[in-house]
Protein chains: 2
Amino acid sequence: MNTQKRKKLEEKGWKFGTVQEFLNLSPEENNYIEVKLALSKGLQKFRKDKKTTQAQLAKMLASSQSRVAKMEKGDPSVSIDLLIRSLFNLGMSKKYLAQILLK
Amino acid sequence: MNTQKRKKLEEKGWKFGTVQEFLNLSPEENNYIEVKLALSKGLQKFRKDKKTTQAQLAKMLASSQSRVAKMEKGDPSVSIDLLIRSLFNLGMSKKYLAQILLK
DNA sequence: TAAATCTATGTCATTTCTGACATAAAGTCA
DNA sequence: TGACTTTATGTCAGAAATGACATAGATTTA
């Protein structure tokens, strides 16, 4: 399954796990996407727990509101690298990161 | 600490954790590097357990021997994305991935 | 419901990553 | 030692990620 196809799906708000049943996502692609979405959700949870806005979070991360929106959405233009670096920048521990991955 | 500086250090075979004591790696930079090196080591361990060569692993990953060498070294030109995708491609589970991160 | 605030999407220039190739360096073994 | 195998390093062109901006869409508040 290519990036474009996945992008389309994510754009339409598909949840993976559901998608894997319909389409031929390989287990490894599925794992990758699950990890990415778990990190995305982790970031969003952090922000909501802090009761702050994407714009404010962007400032903390020296990024932009639009980039934060994409991070929280697990947009294809966002890498796992960026998500992990962001979470660490916000003070998350490796231990908590590992737990997020298992969600 | 910038990429160039880190690159130099990694090139010289520095182990981080040691480095953090000497230089001003921030906790988040240190976490990032530790995660990356843990994944690198995980990949190398996989290969050695399978008693195979970098060239053969490269074939499994549809990559090149040189890229595999860099992955195992945690070279700055290698992203965490690539390491995670590679490990999943080789059949690693999310659970095992999470354990690697805590090493 | 109108204004204000917040989130999502599209696009772009620049930076970084990736696979590949060449070749150097290190290790193995006859 | 010298051939052979394996690993490491440098470089490059093409691909992907990143931050930023503009703006659309959604939500909240007065």
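Just the heavy atoms: all of them, side chains too, but no hydrogens, waters or symmetry mates, feed the values below. Residue numbers start from 1 in every chain, and the chains themselves are labelled A, B, ... in the order their sequence lines are given, proteins ahead of strands. Fair warning: this is a prediction, and the values are worked out from it, not measured in the lab.
- By the rule that hydrophobic residues join a cluster once side-chain heavy atoms approach within less than 4.5 Å of another member, Leu90(B) and Tyr96(B) end up as members of one cluster.
- Residues Asn31(B) and Leu97(A) are not in side-chain contact: their nearest non-hydrogen atoms beyond the backbone lie 4.5 Å or more apart.
- Between Asp81(B) and Ser79(A), the shortest heavy-atom contact is OD1-CB, 3.1 Å.
- Here the side chain of Gln54(B) is nearest to one of dT7(D), dT18(D), dC17(C), namely dT7(D).
- For the residue pair Arg67(B) / Ser77(B), a side-chain donor-acceptor distance below 3.5 Å is found, with atom types taken as modelled.
- Dashed line: the shortest gap from a side-chain N or O of Thr53(A) to OP1 or OP2 of dT5(C) is not under 4.0 Å.
- The CD atom of Glu72(A) sits 15 Å away from the C1' atom of dA26(D) (whole-angstrom rounding).
- Here Ser63(B) contributes atom OG and Lys70(B) contributes atom NZ; the two are 10.0 Å apart, rounded to the nearest 0.5 Å.
- The only option from Lys45(B), Met92(B), Lys95(B) that meets the side-chain contact (heavy atoms from CB on, under 4.5 Å) definition with Ile100(B) turns out to be Met92(B).
- In this structure, CG of Leu83(A) is placed 12 Å from C1' of dA17(D), rounded to the nearest angstrom.
- Among all heavy-atom pairs drawn from Arg47(A) and Thr52(A), the shortest one is NH1-O, 3.0 Å.
- Taking every side-chain heavy atom of Lys73(A) into account, dT9(C) is the closest of dT9(C), dT7(C), dT6(D).
- Here the P atom of nucleotide dC17(C) and the CD1 atom of Ile84(A) are 14 Å apart, to the nearest Å.
- Note: NZ (Lys51(A)) to P (dT27(D)) measures 19 Å, nearest angstrom.
- Between the CD1 atom of Ile80(B) and the P atom of dT18(C) there is a distance of 11 Å, given to the nearest Å.
- Straight-line distance from the CG atom of Asp75(B) to the P atom of dT18(C): 11 Å, rounded to whole Å.
- Mapping Gln65(B) and Gln65(A) onto DNA chain D via the closest heavy atom, the residue that lands nearer the 5' end is Gln65(B).
- The main-chain N or O of Met71(B) is found under 3.5 Å from a side-chain atom of Ser40(B) such that the two form a donor-acceptor pair.
- Contact annotation for Val68(A): no contact, since no heavy-atom pair falls under 4.0 Å across all strands.
- Minimum heavy-atom separation, Lys41(A) to Glu72(A): NZ-O, 3.8 Å.
- Distance, Lys48(B) NZ to dG27(C) P: 11 Å, rounded to whole Å.
- When the C1' atoms of four end pairs are superposed on the next four at each end of the helix from dT1(C)-dA30(D) to dA30(C)-dT1(D), using five pairs per end, the two resulting axes differ in direction by 50°, to 10°.
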Please list, pair by pair, any protein nitrogen or oxygen found under 3.5 Å from a nitrogen or oxygen in nucleotides 19-21 of chain C.
unit_1, atom_1, unit_2, atom_2, d
dG19(C), N7, Arg67(B), NE, 3.1
dG19(C), N7, Arg67(B), NH2, 2.6
dG19(C), O6, Arg67(B), NH2, 3.2
dA20(C), OP2, Ser63(B), O, 3.2
dA20(C), N7, Ser64(B), OG, 3.2
dA20(C), N7, Ser66(B), OG, 3.4
dA20(C), N6, Lys70(B), NZ, 3.4
dC21(C), N4, Ser66(B), OG, 2.4

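- Between the P atom of dT5(C) and the CD atom of Gln56(A) lies a distance of 13 Å, rounded to the nearest Å.
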